[in-house]
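The chains referred to below are lettered A, B, ... by the order of the sequence lines, with proteins before strands, and numbering in each begins at 1.
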Protein chains: 2
Amino acid sequence: MEEREISQAVIGRLPRYHRYLGELMADGVERISSNELSKRMKVTASQIRQDLNNFGGFGQQGYGYNVKYLYNEIGKILGLDQIHNMIIIGTGNLGQALANYAAFGDRGFILKGLFDVNPRLQGVAIRGVQVRLMDELEDFLKKNQIEIAVLTIPKTKALEVANTLVNNGVRAIWNFAHIDLNLPEDVIVENVHLSESLMKLSYNISRYNGEHEKN
Amino acid sequence: MEEREISQAVIGRLPRYHRYLGELMADGVERISSNELSKRMKVTASQIRQDLNNFGGFGQQGYGYNVKYLYNEIGKILGLDQIHNMIIIGTGNLGQALANYAAFGDRGFILKGLFDVNPRLQGVAIRGVQVRLMDELEDFLKKNQIEIAVLTIPKTKALEVANTLVNNGVRAIWNFAHIDLNLPEDVIVENVHLSESLMKLSYNISRYNGEHEKN
DNA sequence: TAGATTGTTAATCGATTAACAATC
DNA sequence: TAGATTGTTAATCGATTAACAATC
């Protein structure tokens, strides 16, 4: 049962395929060839076919791909057909923004709890989920099966909290803290480092200004 | 003056070097070798040296790198020594979260304006910057030199607003809308597609559950 | 059947790693 | 000077693209 790893480069492109296929579906398009999709997405048709064939043959020669079918299949590959129980740690601006982002629920990411250190937030409810204090976290985790935790807290507390999460069964962390969490190998960490994203933007501005000439 | 492009793979790593060097500085570390940094960051020493040497020789044989100097040099490469005037379009939860993120200011990203369609937000101030209605946007852009616009609005309006921005001198867009903005080549777009990030997380959970076996 | 388009193998390209001479 | 470590060239690895036979 030797299984070749699929590269993160490929995985990183799947959500974008999924998005485009969703749009095509909404536009009532029934089928699409790799060539036409390639034009819309500005990637090569070759890459699309290679990427998809990591997971199986979803198309048909001479026809192309059925949009709805491919959309669903990619959804399954991404685990969007499953329910994922989720909590958010840190109910500041960013935590609230994510809590309010209803679209996550549509994709099977169910918000089960909100936590914060600030007692003034205690009992406040966002989308029907009330904010709990951090000292309730461990107990809550023992009583509820939580798969994903969203970390929107300052980096100083992030590692400590992450360890608590992992020790109580959390399998995956969506990390917005500006720190690399060093956790056991089997814990999935997906980082969103906003300041690093802004720095890349900044670099590219300077590049266009010609500030990177070597002399 | 032929200039070889530096790959986005390299650029993508610079902010992380910068972050680690900042931490080393805070810890009072004066110098570091590529080898020791490689252990901390879990990348190869070779990659660190190759990456840095795209921009010049910042180290010294037999000594390593001066932490503070390298931190500053990478900061310059990333354009963090420059002032970048910035506005945020869409003052919902996410827009507010970003507006409140004070650390951006420290790095030279100055919040000059906030805009929203919702009249109830008009005049509300966040960090001393008041929210304006969208119909003031064009006039505001003509009167102020804005380099970066943060787009935290629904995807339906994003492209239209982006065009207005670009037509009025905005050079770079930090795009949080779930859409690919097709803009002129010289406009820098840095996408933060949160739902795609969450899908990657989700894929990796399923992968660990062994749900991706081919049979 | 003829045309279209996939799935897949082979070729190319680029990025990462290894090795080592230069030099502090 | 001897030891350490860079800067840089060469080797390897992996990802992307091209090509085309298989097949709907």
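When the side-chain nitrogen and oxygen atoms of A:S34 are compared with OP1 and OP2 of C:dT5, none of them lie within a distance under 4.0 Å. Put simply, A:Q60 has no side-chain N or O that comes within less than 4.0 Å of OP1 or OP2 on D:dC24. Taking only side-chain nitrogens and oxygens, A:Q61 never comes nearer than 4.0 Å to OP1 or OP2 of C:dA4. A close approach under 4.0 Å does not occur between any side-chain nitrogen or oxygen of A:Y63 and OP1 or OP2 of C:dG7. Contact check, B:Y65 against D:dA4: no side-chain N or O comes under 4.0 Å of OP1 or OP2. Considering only side-chain N and O atoms, A:R13 lies under 4.0 angstrom from the phosphate OP1 or OP2 of D:dT16.
For the pair B:V43 and B:D51, the minimum side-chain heavy-atom distance is 4.5 Å or more.
Taking a cutoff of 4.0 Å between a charged side-chain nitrogen and a carboxylate oxygen, B:R19 and A:E196 qualify as a salt bridge. Using a cut-off of 4.0 Å between Lys/Arg side-chain N and Asp/Glu carboxylate O, A:K76 and A:E73 are scored as salt-bridged. Looking at B:E36 and B:R40, a side-chain N of the basic residue comes within less than 4.0 Å of a carboxylate O on the acidic one, giving a salt bridge.
As a whole-Å value, the separation of B:I11 CD1 from C:dA15 C1' is 14 Å. For the pair A:R31 CZ and D:dC24 C1', the computed distance is 11 Å after rounding to whole Å. A:F55 places its CZ atom 18 Å from the C1' atom of C:dT6, with the value rounded to the nearest Å.
Note: A:Y101 and B:H178 meet the aromatic proximity criterion, with ring centroids under 6.0 Å apart.
In this entry D:dG7 has C:dC20 as its Watson-Crick or G-U wobble partner, both defining distances falling under 3.5 Å. Base pairing annotation: D:dG14 forms a Watson-Crick or G-U wobble pair with C:dC13, both donor-acceptor distances under 3.5 Å.
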Protein-nucleotides 8-11 of chain C N/O pairs closer than 3.5 Å?
residue, atom, partner, partner atom, Å
C:dT9, O4, A:Q50, NE2, 2.8

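Between the side chains of B:D180 and A:Y20, at least one donor N or O sits under 3.5 Å from an acceptor N or O.
Remark: A:Q8 CD is packed, more than 12 non-hydrogen atoms of other residues, nucleotides or ligands lying under 6.0 Å away.
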